There are 2 protein chains.
Amino acid sequence: MAEVPYCPMEVANRVFGGKWKPGILFRLVERSYRFGELKRDMPWISERVLIRQLKELVEDGIVHREDHRQVPPRVVYSITEHGRTLAPLLKSMADWGDLHFEATTRCTS
Amino acid sequence: MAEVPYCPMEVANRVFGGKWKPGILFRLVERSYRFGELKRDMPWISERVLIRQLKELVEDGIVHREDHRQVPPRVVYSITEHGRTLAPLLKSMADWGDLHFEATTRCTS
DNA sequence: TCCCTTACTGACAAAATTGTCAGTACTTTA
DNA sequence: TAAAGTACTGACAATTTTGTCAGTAAGGGA
């Protein structure tokens, strides 16, 4: 199959697309979270997956990870400056989701 | 695992997320396309997958499918009025993708 | 008659993503 | 001595998404 050329859509999609990243970022834009807090706040994501998503976001420079090196561990995740540029986009997505939800449920149910 | 509650992010993500939908929609916001045109314009998506994505978009009321009932077939896809509400969001995504691409390639390569 | 065209379908395979389960480290509290 | 707490990791399984391949219909042209 032909090679995929550079596409900004692909870039954006790779960085904050996926099943859970938008939701995670939506929270982190609001405030910092300890790992356990985030986990309890989104119990429908398995711990393993949450860790992986956070790791990818950290690698992409969207999220900052701060390990306080305590026992028991205390690790705090926060949005980076660069990640914050996603805020309006995330807001638009959520708004559109609401719009679409209302538009599609008004007549069918 | 806990049930996923209603989340506008999930809704938006389900409708226009995925590997190819943003790219397809980005094109359809510009103009209408015959199936074959779209296929040639994005040769990196397999025909089968392109059809499936379009079908889902049609089911979600984002894209309109018009079959001219000719032989050989002539099927034209266009964005619906509702789908058009995604336009600014798609633009923001593409813009952010560019921004991120430049931010991440400036120093690392 | 044979081949071309176009949009599409079904069966299936490969790959990517998501999820489960059992641990680990080290300190505090009982 | 035992248990609890926290943020993880590794091995592996299930699921979802994506991709491949071989068809099909039906008219037109050589």
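Because the structure is predicted, anything quoted here is derived from the model rather than measured. In what follows, chains carry the letters A, B, and so on, assigned in the order in which the sequence lines appear, proteins first and then strands, with residues in each chain numbered from 1.
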Practice task
Using a 4.0 Å heavy-atom cut-off across all strands, classify A:Val75 as base, sugar-phosphate, or nothing.
Solution key: sugar-phosphate

Problem - Nearest-Å distance for atom pair CZ/C1', residues B:Arg14 and D:dT17 - result: 15 Å

Handout entry: For atom CH2 of B:Trp20 and atom C1' of D:dT16, their distance in whole Å
Key = 16 Å

Fill in the blank from the handout: Separation of C:dT6 atom C1' from B:Glu47 atom CD, nearest Å, is 9 Å

Exercise for the section: Compare all side-chain heavy atoms of A:Phe16 with those of A:Ile62 and state whether any distance is below 4.5 angstrom. Expected result: no

Practice task
Send over the distance from A:Arg48 CZ to C:dT20 P, rounded to a whole Å.
Solution key: 13 Å

Practice task
Return no unless some side-chain N or O of A:Arg52 is found under 4.0 Å from OP1 or OP2 of C:dT17.
Solution key: no

Practice task
Establish, with yes or no, whether the OP1 or OP2 oxygen of C:dT18 is under 4.0 angstrom from a side-chain nitrogen or oxygen of A:Gln53.
Solution key: yes

Exercise for the section: When you get a sec, tell me which of D:dC8, C:dC8, D:dT18 is the closest nucleotide to the side chain of B:Ile51? Expected result: C:dC8

Exercise for the section: Would you check if the side chain of B:Thr80 reaches a backbone N or O of B:Gly61 as a donor-acceptor pair within less than 3.5 Å? Expected result: yes

Handout entry: Residue-phosphate contact under 4.0 Å: A:Tyr33 side-chain N/O, D:dA7 OP1/OP2
Key = no

Problem - Comparing A:Gly18 and B:Tyr77 on DNA chain C - which has the more 5′ nearest nucleotide - result: B:Tyr77

Completion exercise
Correct closest heavy-atom pair for A:Leu38 and A:Leu50 would be C-CD2, 4.1 Å

Exercise for the section: Find the distance B:Arg65:CZ to C:dT9:C1' and express it as a whole number of Å. Expected result: 12 Å

Practice task
Could you check how far NZ of A:Lys39 sits from P of D:dT6, rounded to whole Å?
Solution key: 8 Å

Exercise for the section: For B:Lys19, report the nucleic acid contact type (base, sugar-phosphate, nothing); a contact means any heavy atom under 4.0 Å. Expected result: sugar-phosphate

Problem - Nearest-Å distance for atom pair CD/P, residues A:Gln70 and D:dA4 - result: 22 Å

Handout entry: SB check A:Lys19 B:Glu10 (cutoff 4.0 Å)
Key = no

Exercise for the section: Summarise protein proximity over nucleotides 25-30 of chain D in one line of letters, 5' to 3': B for base, S for sugar-phosphate only, - for none, counting protein heavy atoms closer than 4.0 Å. Expected result: -BS---

Handout entry: Short side-chain to backbone donor-acceptor contact, B:Glu59 and B:Glu56, under 3.5 Å
Key = no

Exercise for the section: Check the pair A:Glu66, A:Arg34 against salt bridge (charged side-chain N to carboxylate O under 4.0 Å, His left out), reporting the backbone distance first and the verdict last. Expected result: CA-CA 9 Å; A:Glu66 190 177 4; A:Arg34 282 188 66 173; over 6 Å; no

Problem - A:Arg14/A:Asp60 salt bridge by N-O under 4.0 Å criterion - result: yes

Problem - Distance, rounded to the nearest Å, where B:Arg40 contributes CZ and C:dT5 contributes P - result: 11 Å

